[in-house]
**Student:** 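Could you have a look at this structure, given as structure tokens, before my questions?
Order of appearance sets the numbers: ligands from 1, and atoms from 1 within every ligand. Positions are given from 1 along the sequence. Bear in mind the structure is a predicted one, so any value in this text is a computation, not a measurement.
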Amino acid sequence: MKLISIVGSPHGKKGSTARLMDEVLKGATSAGAENETIVLKGDTVLPCRGCDVCHIKGACVQKDDFVRILGKINASDGLILGSPNYIFTVSAQLKAFMDRCCGVLHCQSFTGKYGVSVVTSGGGDEEPIASFMNHFLISTGIVPVGSVWATMGMIQGDEFPEDIQHKAFDLGRNLVDAFNRKIIPQDVKTRMDDFHQRMKNLIMYRKDEWPFEYDYWLENHPG
Ligand SMILES: Cc1cc2nc3c(=O)[nH]c(=O)nc-3n(C[C@H](O)[C@H](O)[C@H](O)COP(=O)(O)O)c2cc1C
């Protein structure tokens, strides 16, 4: 399984989020996965301009690192998203990446991939953020396998507590196992099917305005 991991923190690979993600990656690589980590710090993804060109022509007009990152994800089997809690939601860095994936949502072009979400905070409130991140994965076509988080204000020293380490390690192993065995829990499948249908309805309705996305659906999601 080829993984791309995206760290949405200006603290990069030394930050708490990337360190918790490393625990997930220990599990995933122990189960045979390969990984490439992308940090939204050296790699820049600017906010979406809302120009709709991606829907019309299939390409983004902005000249930053997004298209290169998208190419890597398209060539992968799975995506790990990591974000610190920034005022009760994901960091602006990760949100910019999510917004730039608007065409991916419309086209459901990550269909077939598997993913997980990783969150750290100073004081808590991680669960709704992880839930939002996994909802984003669903909306792109990715099967979310789970999430892990840590409240850094409750942790002393450099190591994560053993229960969090185990949870993260197991999440990484489960990600690879779910991908290998193509596991999709029924509740997740229902949500994915609903969103897929919603995007299909949208693109059929907008077929004259968004010809790229209409053609994409005809070619990639026949029936
Ligand atoms: C701009 C900003 C906003 C933050 N907002 C919150 C918050 O609302 N709640 C919270 O518990 N921690 C908050 N934090 C703390 C970070 O979530 C926490 O330190 C996190 O572990 C940092 O991860 P990183 O080292 O990967 O960047 C905030 C930090 C920053 C810089």
**Student:** Under 4.0 Å from a heavy atom of Ser9: which atoms of ligand 1 are those, numbered in the order shown and with their elements?
**Tutor:** 24 (P), 26 (O), 27 (O)
**Student:** Considering both backbone and side-chain atoms of Met152, is one of its nitrogen or oxygen atoms within less than 3.5 Å of a nitrogen or oxygen in ligand 1?
**Tutor:** no
**Student:** With no hydrogens and no angle check, do the side chains of Asp193 and Gln197 hold a donor and an acceptor under 3.5 Å apart?
**Tutor:** no
**Student:** Have a look at Ser16, Ala150, Gly122 and point out the one with the heavy atom closest to atom 15 (C) of ligand 1.
**Tutor:** Gly122
**Student:** Among protein heavy atoms, which lies nearest atom 26 (O) of ligand 1, and at what distance?
**Tutor:** Thr17 OG1, 2.7 Å
**Student:** How long is the gap from OH on Tyr86 to CG on Leu94, to the nearest 0.5 Å?
**Tutor:**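 Here the interatomic distance stands at 11.5 Å.
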**Student:** How close does the nearest protein non-hydrogen atom get to atom 22 (C) of ligand 1, and which residue and atom is it?
**Tutor:** Pro84 CB, 3.6 Å
**Student:** For atom 21 (O) of ligand 1, which protein heavy atom lies nearest, and how many Å away is it?
**Tutor:**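 So the nearest neighbour among protein heavy atoms is Thr120 OG1, 2.8 Å.
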**Student:** If the contact criterion is a heavy-atom separation under 4.0 Å, does Ile87 count as touching ligand 1?
**Tutor:**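 Right, Ile87 reaches ligand 1.
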**Student:** Walk me through whether Arg191 and Asp187 qualify under salt bridge (Lys or Arg N to Asp or Glu O under 4.0 Å).
**Tutor:** CA-CA 6 Å; Arg191 288 173 62 194; Asp187 59 325; over 6 Å; no
**Student:** Roughly how far apart are Lys167 NZ and Glu23 CD, rounded to 0.5 Å?
**Tutor:**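 The CD atom of Glu23 is 13.5 Å from NZ of Lys167, to the nearest 0.5 Å.
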**Student:** Number the atoms of ligand 1 from 1 as they appear, then name those within less than 4.0 Å of a heavy atom of His11, with their elements.
**Tutor:** 24 (P), 25 (O), 27 (O)
**Student:** Using heavy-atom distances only, which candidate in Phe88, Tyr86, Trp149 approaches atom 29 (C) of ligand 1 most closely?
**Tutor:**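 The option holding the nearest heavy atom is Tyr86.
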**Student:** What atoms in ligand 1 come closer than 4.0 Å to a heavy atom of Gly15?
**Tutor:**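 Per the distance check, 25 (O), 26 (O).
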**Student:** If hydrogens are left out, which of Asn85, Val39, Val118 has an atom nearest to atom 4 (C) of ligand 1, that is, the closest non-hydrogen atom?
**Tutor:**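 Ranked by closest heavy atom to atom 4 (C) of ligand 1, first place is Asn85.
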**Student:** Mind telling me whether His221 and His196 have parallel, tilted or perpendicular rings, with 30° and 60° as the class edges?
**Tutor:**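 Answer is perpendicular, since the angle exceeds 60°.
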**Student:** Go through the side-chain N and O atoms of Asn35 and Ser5 and say whether any donor and acceptor fall under 3.5 Å apart.
**Tutor:**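 Distance-only check passes for Asn35 and Ser5.
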**Student:** Under 4.0 Å from any heavy atom of Gly124, which atoms of ligand 1 are there?
**Tutor:** 11 (O)
**Student:** Provide, to 0.1 Å, the distance between atom 11 (O) of ligand 1 and the closest protein heavy atom, together with that atom's residue and name.
**Tutor:**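 Its nearest protein heavy-atom neighbour is Gly123 N, 2.7 Å.
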**Student:** Can we say Asp177 and Arg181 salt-bridge, meaning some charged N sits less than 4.0 Å from an Asp/Glu carboxylate O?
**Tutor:** yes
**Student:** Say you draw a straight line from CZ of Arg206 to CD1 of Ile56; how long is it, rounded to the nearest 0.5 Å?
**Tutor:** 11.5 Å
**Student:** Within 45° of the ring axis of Tyr205 and under 6.0 Å from its six-membered ring centre, is that where the NZ or CZ of Lys207 lies?
**Tutor:**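 No, Lys207 does not lie over the aromatic ring of Tyr205.
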